[in-house]
Engineer: 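Could you have a look at this structure, given as structure tokens, before my questions?
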Amino acid sequence: GPSYETIYRVTVAPVEGGSALCTFEDVTEQERAGLIRRDFVANVSHELRTPLTSLLGFIETLQGAARNDAAARERFLGIMAREAERMNRLVRDLLSLSRVEAEERVRPTTQVDISAIVRMAVQTLRPVADGRDIRLEVTGVADPVLIPADPDQMLQVFQNLVENALKYGGTGGLVEIDISLDDCKALRAPAVVLAVRDHGDGFDPIHIPRLTERFYRVDNHRSREMGGTGLGLAIVKHIVNRHRGRFRIESAKGKGSTFSVILPRD
Ligand code: ADP
């Protein structure tokens, strides 16, 4: 990706007496925003074009060589359906991301029981866990924990995190979501910590700082195979920001990962 060194705009103006005034303006932020935007558009185009190219290829084959081959037709239609679903997920996540970004400055005010929301996310994903023989457990505080939050967005956060834990950390056989109360120093407020922990393969911590970037993946091939759009953690980060919270990632290769959401309680 692009590297972000300090970028200066330099202006030189003549001054009386034959000397010159030289001003340095730090334009790193503007340049950086522009780079990120251009990068994003290029990424989206690429991500959409890949399934689209495949779809067009299969359509052509179905109109030609495979026209009268029932078995091939069946197989190709299956692949086409998967590619169309991928595009559908991508568009859904892009819309989700842009909605979340647009609302980022509007603080949620409704009091919501975050522990109930975590349980709701778990309930939705229970069948997936069962199907893969993964134990899915909620531990820690069982009482209601009221915080100002957007319930739909919070549900999305925990669905994304648990879905990832099942997708990438499922080999460990156990996914836990721990709820605890804490005084968060960084937030200077009483907080609730919601930690989604898996015991799967984990990854090299070198990836952590970039993991919430759009389309950043540890293993591109694996993510695609699993139907990932590469936008899930970017969406999580924006929602957590909107709630004045913190998002922490820990991982160790071979030991599993923990994704923690820390939210202020006042
Ligand atoms: P994706 O749609 O690819 O899953 P995400 O933004 O949700 O996109 O996640 C980004 C990347 O982070 C994934 O592609 C994967 O490489 C890595 N990742 C996320 N959660 C986990 C996890 N629990 N264990 C290992 N890797 C993970």
Side-chain angles (χ1 to χ4, degrees), residues 1 36 39-40 43-44 46-48 50-51 82-101 118 121-122 124-126 128-129 132-139 153-178 193-242 245-261:
I36 290 178
D39 231 39
F40 179 60
N43 276 331
V44 169
H46 174 76
E47 298 280 340
L48 280 171
T50 311
R82 275 206 300 283
E83 296 292 345
E85 278 156 20
R86 161 184 294 289
M87 291 179 75
N88 204 14
R89 275 197 303 274
L90 188 62
V91 171
R92 180 204 63 194
D93 281 0
L94 282 169
L95 283 173
S96 211
L97 187 61
S98 94
R99 211 173 304 131
V100 169
E101 274 183 317
V118 165
V122 165
T124 317
L125 289 161
R126 173 85 57 206
V128 180
R132 292 184 204 161
D133 250 336
I134 304 168
R135 244 163 64 223
L136 183 55
E137 287 178 1
V138 182
T139 60
Q153 288 188 344
M154 275 298 147
L155 188 62
Q156 192 173 9
V157 163
F158 293 102
Q159 276 177 351
N160 282 358
L161 293 180
V162 174
E163 217 172 270
N164 277 353
L166 296 173
K167 268 198 304 197
Y168 303 107
T171 46
L174 169 67
V175 170
E176 301 153 288
I177 302 106
D178 185 67
V193 182
L194 306 124
V196 180
R197 178 172 302 122
D198 69 63
H199 303 269
D201 300 334
F203 47 83
D204 190 326
I206 201 167
H207 296 287
I208 291 176
R210 300 201 59 191
L211 221 53
T212 54
E213 282 175 25
R214 300 146 178 199
F215 300 119
Y216 187 86
R217 298 157 167 123
V218 172
D219 180 343
N220 244 312
H221 180 73
R222 178 123 185 262
S223 162
R224 277 161 214 282
E225 197 99 306
M226 297 284 193
T229 60
L231 294 174
L233 292 180
I235 294 172
V236 167
K237 188 189 75 177
H238 282 287
I239 295 177
V240 173
N241 278 350
R242 183 188 171 207
R246 296 285 187 278
F247 184 45
R248 299 228 168 96
I249 305 173
E250 293 152 274
S251 193
K253 240 183 138 50
K255 295 221 172 88
S257 320
T258 304
F259 293 77
S260 307
V261 175

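One-based numbering along the sequence shown. First listed ligand is number 1; within each ligand, the first listed atom is number 1.
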Engineer: Please determine which of R135, H199, R197 meets the side chain to side chain donor-acceptor pair (under 3.5 Å) test together with E176.
Structural biologist: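 Single pass found, and it is H199.
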Engineer: With rounding to the nearest 0.5 Å, note down the distance linking CG in D219 to CZ in F203.
Structural biologist: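 Those atoms lie 12.0 Å apart.
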Engineer: Using a 4.5 Å cut-off on heavy atoms from C-beta on, say whether the side chain of V261 contacts that of V196.
Structural biologist: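 SC-SC contact between V196 and V261 ruled out.
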Engineer: Which bit of M226 gets closer than 4.0 Å to ligand 1, counting heavy atoms only: side chain, backbone, both or neither?
Structural biologist: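 For M226, there is no contact with ligand 1 at all, from either part.
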Engineer: So between G228, S223, G232, whose heavy atom ends up nearest atom 3 (O) of ligand 1?
Structural biologist: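 Result: the heavy atom closest to atom 3 (O) of ligand 1 is in S223.
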Engineer: Using a 4.0 Å heavy-atom threshold (strictly under), name the region of D198 that reaches ligand 1: side chain, backbone, both or neither.
Structural biologist: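 Side chain only.
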Engineer: Is it the case that over 12 heavy atoms from other parts of the model lie below 6.0 angstrom from the CZ atom of R132?
Structural biologist: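 Counting other residues, nucleotides and ligands, CZ of R132 exceeds 12 neighbours.
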Engineer: Pick whichever of V218, L166, L161 has a heavy atom sitting closest to atom 17 (C) of ligand 1.
Structural biologist: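 Closest candidate by heavy-atom distance is V218.
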Engineer: When you compare the side chain of T124 with that of F158, does any pair of heavy atoms fall below 4.5 Å?
Structural biologist: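 They are not in contact (no side-chain heavy atoms under 4.5 Å apart), so the answer is no.
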Engineer: Sort out for me which residue in R86, R214, R224 forms a salt bridge (Lys or Arg N to Asp or Glu O under 4.0 Å) with E47.
Structural biologist: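 Running salt bridge (Lys or Arg N to Asp or Glu O under 4.0 Å) over R86, R214, R224 with E47 returns exactly one hit, R224.
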Engineer: Identify which of I235, N160, N164 has a heavy atom lying nearest to atom 20 (N) of ligand 1.
Structural biologist: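 Comparing heavy atoms across I235, N160, N164, the nearest one to atom 20 (N) of ligand 1 lies in N164.
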Engineer: In terms of side-chain geometry, is the basic nitrogen of E163 or R89 positioned less than 4.0 Å from the acidic oxygen of its partner?
Structural biologist: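 Here E163 does not pair with R89 in a salt bridge, since their nearest N and O are not under 4.0 Å apart.
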Engineer: Should you measure from each heavy atom of A165, which atoms of ligand 1 turn up under 4.0 Å away?
Structural biologist: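 Atoms satisfying the 4.0 Å criterion: 23 (N).
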Engineer: Please report which non-hydrogen protein atom sits nearest to atom 5 (P) of ligand 1, along with the residue it belongs to and the distance in Å to one decimal place.
Structural biologist: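 Going atom by atom, the protein heavy atom closest to atom 5 (P) of ligand 1 ends up being L233 N, 3.7 Å.
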Engineer: Please determine whether any non-hydrogen atom of G230 lies less than 4.0 Å from an atom of ligand 1.
Structural biologist: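 Contact present.
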Engineer: For residues T212 and V236, determine if any side-chain heavy atom of one lies less than 4.5 Å from a side-chain heavy atom of the other.
Structural biologist: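 No. Closest side-chain heavy atoms not under 4.5 Å.
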Engineer: Can you list the ligand 1 atoms lying under 4.0 Å from a non-hydrogen atom of K167?
Structural biologist: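 Those of ligand 1 that fall under 4.0 Å from K167 are 4 (O).
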Engineer: Using a 4.0 Å cut-off to any heavy atom of R217, which atoms of ligand 1 qualify?
Structural biologist: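 In order of numbering, the contacting atoms are 3 (O), 14 (O).
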Engineer: Could you name the option among F215, Y168, Y216, F203 that has the heavy atom nearest to atom 11 (C) of ligand 1?
Structural biologist: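 Looking at heavy atoms only, Y216 sits closest to atom 11 (C) of ligand 1.
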Engineer: Near L211, which atoms of ligand 1 are under 4.0 Å from a heavy atom of that residue?
Structural biologist: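 Per the distance check, 12 (O).
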